[in-house]
Amino acid sequence: SQTIHQWPATLVQPVGSPLSLECTVEGTSNPNLYWYRQAAGRGLQLLFYSVGIGQISSEVPQNLSASRPQDRQFILSSKKLLLSDSGFYLCAWSVEGQGAQPQHFGDGTRLSIL
Amino acid sequence: DAKTTQPNSMESNEEEPVHLPCNHSTISGTDYIHWYRQLPSQGPEYVIHGLTSNVNNRMASLAIAEDRKSSTLILHRATLRDAAVYYCILRPGFSGGGADGLTFGKGTHLIIQP
């Protein structure tokens, strides 16, 4: 069966520090991968999605970036964090096929910026 | 993405059926109807999805109106663990070259009374 792993579960970082969140998927090949952010009391916002190695699409301009160095690995990064980057970050995967395929989410990383 | 409308909150008793409504009057012919739920401090969890016919799985049933302008998620016997925010989301059945992410609204906050 397929599984998705995200780490760390919680993270506290100072303003201006770098960030690296990692997500890996097991049990499937060539998944579509996604990064979402959920600010406190708000809905999920799509940040990045990827349909293959090295292919990244950004939905929201910001100081975050994403990379996909391997088929089942998706990384969210920042060189200098802002206070507004606080939130709940979620990675998700799906089988290619858009509307007919569900997305499956990891347990998320709760990021607090001090 | 076409918009969905859900009640802000609903309350039900444990061990009773729950019917969660969703209106999507602007749905297109190729849009799939997806339902997800999010428990406190967790990532969203896929529940069920369908196109035209009613669907059943181990978690729930999805009843889709004949004109597809509304749908109902049915939890046959609610437990305390079903207390969550339930999201009804429309997904295009094909890629139009745009973002492939899910658009989460505010959902329905389901409260289960013991």
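In the text below, chain A, chain B and the rest are named by the order of the sequence lines, each starting its count at 1. Any value given below was found using the heavy atoms of this structure, including those in side chains, with hydrogens, waters and symmetry copies removed. Please read all numbers here as calculations on a predicted model, not as lab measurements.
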Does the pair Glu45(B) and His104(A) meet the rule for a side chain to side chain contact (heavy atoms under 4.5 Å, CB included), with working shown? CA-CA 7 Å; Glu45(B) 178 185 22; His104(A) 303 279; over 6 Å; no
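Under a hydrophobic clustering in which Ile, Leu, Val, Met, Phe, Trp and Tyr are joined whenever their side-chain heavy atoms come within less than 4.5 Å, directly or via other members, Val12(A) and Trp7(A) fall into different clusters. Val47(B) and Leu80(B) fall within a single hydrophobic cluster, where Ile, Leu, Val, Met, Phe, Trp and Tyr are joined by side-chain heavy atoms under 4.5 Å apart, directly or via other members. Each of Val55(B) and Leu51(B) belongs to its own hydrophobic cluster when Ile, Leu, Val, Met, Phe, Trp and Tyr are linked at side-chain heavy-atom distances under 4.5 angstrom. The hydrophobic clustering, which links ILVMFWY residues whose side-chain heavy atoms are closer than 4.5 Å, places Ile75(A) and Tyr36(A) apart. Under the 4.5 Å side-chain heavy-atom criterion for Ile, Leu, Val, Met, Phe, Trp and Tyr, Leu73(B) and Met10(B) are members of the same hydrophobic cluster.
Using a 4.5 Å cut-off between heavy atoms, Leu44(A) touches chain B through backbone and side chain atoms alike. Residue Thr30(B) does not touch chain A at all, counting heavy-atom pairs closer than 4.5 Å. Neither the backbone nor the side chain of Gln45(A) comes within less than 4.5 Å of any heavy atom of chain B.
Proximity of a side-chain donor or acceptor of Tyr32(B) to a complementary backbone N or O of Gln101(A) within less than 3.5 Å is not detected.
Annotation for Gln38(B) and Phe88(A): closest pair NE2-CE2, 4.1 Å, computed over non-hydrogen atoms.
Side chains of Tyr36(B) and Pro102(A) form a contact here, defined as non-hydrogen atoms less than 4.5 Å apart. Using a 4.5 Å cut-off on side-chain heavy atoms (C-beta onward), Phe105(A) and Tyr46(B) make no contact.
Crowding of Asn8(B) atom CG: a count of heavy atoms from other residues, nucleotides or ligands under 6.0 Å not exceeding 12.
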